[in-house]
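In what follows, every chain begins at residue 1, and chains take the letters A, B, ... in the order their sequences are listed. None of the values given here were measured: they were computed from a predicted structure.
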There are 2 protein chains.
Amino acid sequence: MPRRRITQTDVAAMAGVSQATVSFVLNGSTPAGVRISEETRQRVLDAIRITGYTANPAAQRLAGRLAQILGVFTYEATFPRASRDFYGPFLTGIEHAAERLGVDILLFTSAPVADGRRRLTRDGWQRLGVADGCLLLGQHEHRGELQHLLDTNYPFVFIGKRGSDGGRLPYVGADYVGGTVRQIDRLVAHGHQRIGYVGMRGTDQPTLDRVEGYRTAMKTHGLTTRFVELEDVAATAAEIVDQRFTAVVVAPENHPEELADELERRGRRVPDDVSVLLLGQPHHPRRGGRQWSGFSVPREEMGARALYLLSRLVSDDGPRRERDARRPAAVTDAELHQILVCPDVEGATVAPPPPGPGPRTATHDRTDHA
Amino acid sequence: MPRRRITQTDVAAMAGVSQATVSFVLNGSTPAGVRISEETRQRVLDAIRITGYTANPAAQRLAGRLAQILGVFTYEATFPRASRDFYGPFLTGIEHAAERLGVDILLFTSAPVADGRRRLTRDGWQRLGVADGCLLLGQHEHRGELQHLLDTNYPFVFIGKRGSDGGRLPYVGADYVGGTVRQIDRLVAHGHQRIGYVGMRGTDQPTLDRVEGYRTAMKTHGLTTRFVELEDVAATAAEIVDQRFTAVVVAPENHPEELADELERRGRRVPDDVSVLLLGQPHHPRRGGRQWSGFSVPREEMGARALYLLSRLVSDDGPRRERDARRPAAVTDAELHQILVCPDVEGATVAPPPPGPGPRTATHDRTDHA
DNA sequence: GGTTGCTAATAATGCGCATCATCAGATTGA
DNA sequence: TCAATCTGATGATGCGCATTATTAGCAACC
């Protein structure tokens, strides 16, 4: 059984018309002044119904139409246990948007893996061509790899802000800066003064943005910035106690759960003695873990928005043969670079600072605030 | 910038050879006695390197090669919050397998949705053609929809056992029967006698299999089967207490968490007074929820195995033009229908029955709702 | 010197579809 | 009555690639 597909030619034969006629009926529109009588149209449609004809997408794409496929490239595996919680929400949003756009999603799982990360090498992005455009998800990328996409004018959108590259690349990011600023504001409103920033330095955009937000907000309130960037959770906790911070903001990749445990082990209750705000969702939510206060990254919406944008770019760049005059408006700069608000999360890890001179000597004056 | 792709013809021009030669170099193999000298080969390869040529998958596919794309069709959205925990593991396995196979995964998110379920209608499976084959995930399907796939000899594999259809359809399922039998065995080994089955009747395969397993095992041990199939959790709990069950097996979609709470509210501790075994993973794991005993469905492995099988089917059915004689062995029947073992889970919801006559004054039991 | 045998490559074809250019026949205008 | 217009369709072409059939060139053999 050679699995021969039914083609337009088959349909045409049955309807007693030419292949071209079938194509015209299917595409509705008749670019050049081609007309099809209603009767013929019906005959063709009947034949289609009977034969169960189904278009060959590869042929369509080859013939210059869009494949209605949008790709998703992640620099790490998308669904391994560890990162499922991370990528999941993005995919949720992407899938939702894809449904509404009537588009299929292609996951580039075939890309060669090096050091546990997928590479967008020659053989990698080669495959991107199947899709009309592609979403890029994940941290790092080798600069050169992108160049090719740019050179060939291949439509793509980053998920996550792109500070580098002169800001010319399309992205949908999250407002880590604003979110962080608001957390500091909250703490200050509660009366906190000694507010530390816990988190390893990094060159990734979220980290840079968090630090910037922290810096900005502290400056605004005339407070001194204090960074704790130690590898060790225990050391970090010790530092927090030592520095007599009444509050810290923590990037989620810095094991906040363990940190809080460590703090309490040292007699500092969260949030009664130390408020802890999380600058993003916990990475590995623990069963029965704390209800973190802080902000959350709107990952689902980011995914959806990114796909919508990509779709815009694709149809903008569009079918090479300029077919429809009534093309949607060109993509604006504002669309090209979207930063979404990270809404505050009201959890249970923030409280006013302990009253009095503070837990300075830690042996007495453990007065619970009323 | 009209985004013109670089084609084999471009490469050929640069290398001073014909397009065909480029194709031969790329494909390595030379089906008919075509030979390419090492020198020419290098020249072509250089040209490819310089131009950054990249094959157009659509054209490849049209020309009769495999697209190296395998599809995944789910009858419900794959990643919505609610079912993410369910589909996630499958996807994990699928992705892993796809990586190893060097294949991309296409999610058919464009299928028309009716009643919240995707349909594999004419316009739905029409799109399946982009992929070389397809995985089918999720419960129900309209019989007629499949017929077309069968008619066109389109390769596909179900995830989840397929009892119907004369068992001719390829699937990778889980051994719910065996898993359930073992749970009963465990309970009996602990000394339980009054073992109830909690779960709504249904015609879906997992339910049928669980019931079959329960029936079989109970019969083996000479025990009376007792079914509790009430809509209401409270009523179910009441029934369990009323019937003086010392243990129940519960299908995960029947809100085991709530049920256990309800039991304890009625003074029956789990597992001290009543053991509860879960016939599958909890559907919506609750933060800080119970550690359920029972068995687990190897969803990741199911996904991976299904994809491997699909890959086999595809390359078996293969490129229409019989190119390689050294084709792998044909797919055997054993491969076509795989049932994976559901390993036991040692949790904290099983214990020996309460000692003494206790709550079991009954010598006259008669409860079979079957 | 013509036939055979071999190497190295090319020309030609088709995959299924969209689309452009063309055309047959009917209707109208003068 | 013949050109001009309109209607309804068809033929031909190309997308980029794999593949088959064919050819050109050259050495070897009797």
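Residue B/R100 qualifies as open at atom CZ: its count of foreign heavy atoms under 6.0 Å is 12 or below.
Residue A/V17 is classed as a sugar-phosphate contact, given heavy-atom separations below 4.0 Å to backbone atoms only. Backbone-only contact: A/T40 has heavy atoms under 4.0 Å from sugar-phosphate atoms and none from a base. Among the protein residues, A/S37 comes within range of the sugar-phosphate backbone only, with heavy atoms under 4.0 Å from sugar or phosphate atoms but none that close to a base.
As rounded to whole Å, 12 Å separates atom P of D/dG11 from atom CZ of A/F24. Rounded to an integer number of Å, the gap from CZ of B/R43 to C1' of C/dT10 is 14 Å. The nearest whole Å value for the distance from the CZ atom in B/R61 to the P atom in D/dG16 is 19 Å. A/I6 places its CD1 atom 16 Å from the P atom of C/dC15, with the value rounded to the nearest Å. Rounded to an integer number of Å, the gap from B/L26 CG to D/dT19 P is 12 Å.
Taking only side-chain atoms of A/Q19, from C-beta outward, the nucleotide of D/dC17, D/dA9, C/dC17 with the closest atom is C/dC17. In this structure, the nucleotide among D/dC17, D/dA9, D/dG16 sitting nearest to the side chain of A/I36 is D/dA9. Nearest nucleotide to the B/N27 side chain, out of C/dC17, D/dG11, D/dT19: D/dT19. Here the side chain of B/R35 is nearest to one of D/dC17, C/dT7, D/dA9, namely C/dT7. Taking every side-chain heavy atom of B/A55 into account, D/dC17 is the closest of C/dA11, D/dC17, D/dC15.
Between A/D46 and A/R49 there is a salt bridge, since a side-chain N of the basic residue sits under 4.0 Å from a carboxylate O of the acidic one.
Within the 4.5 Å cutoff, the side chain of A/L313 has heavy atoms near those of the A/L336 side chain.
Relative orientation of the A/F156 and A/F158 rings is perpendicular, given thresholds of 30° and 60° on the angle between their planes.
Summary of the strand contacts: B/A59 and B/A20 both lie near DNA chain D, and taking for each the nucleotide with the nearest heavy atom, the more 5' one is attributed to B/A59.
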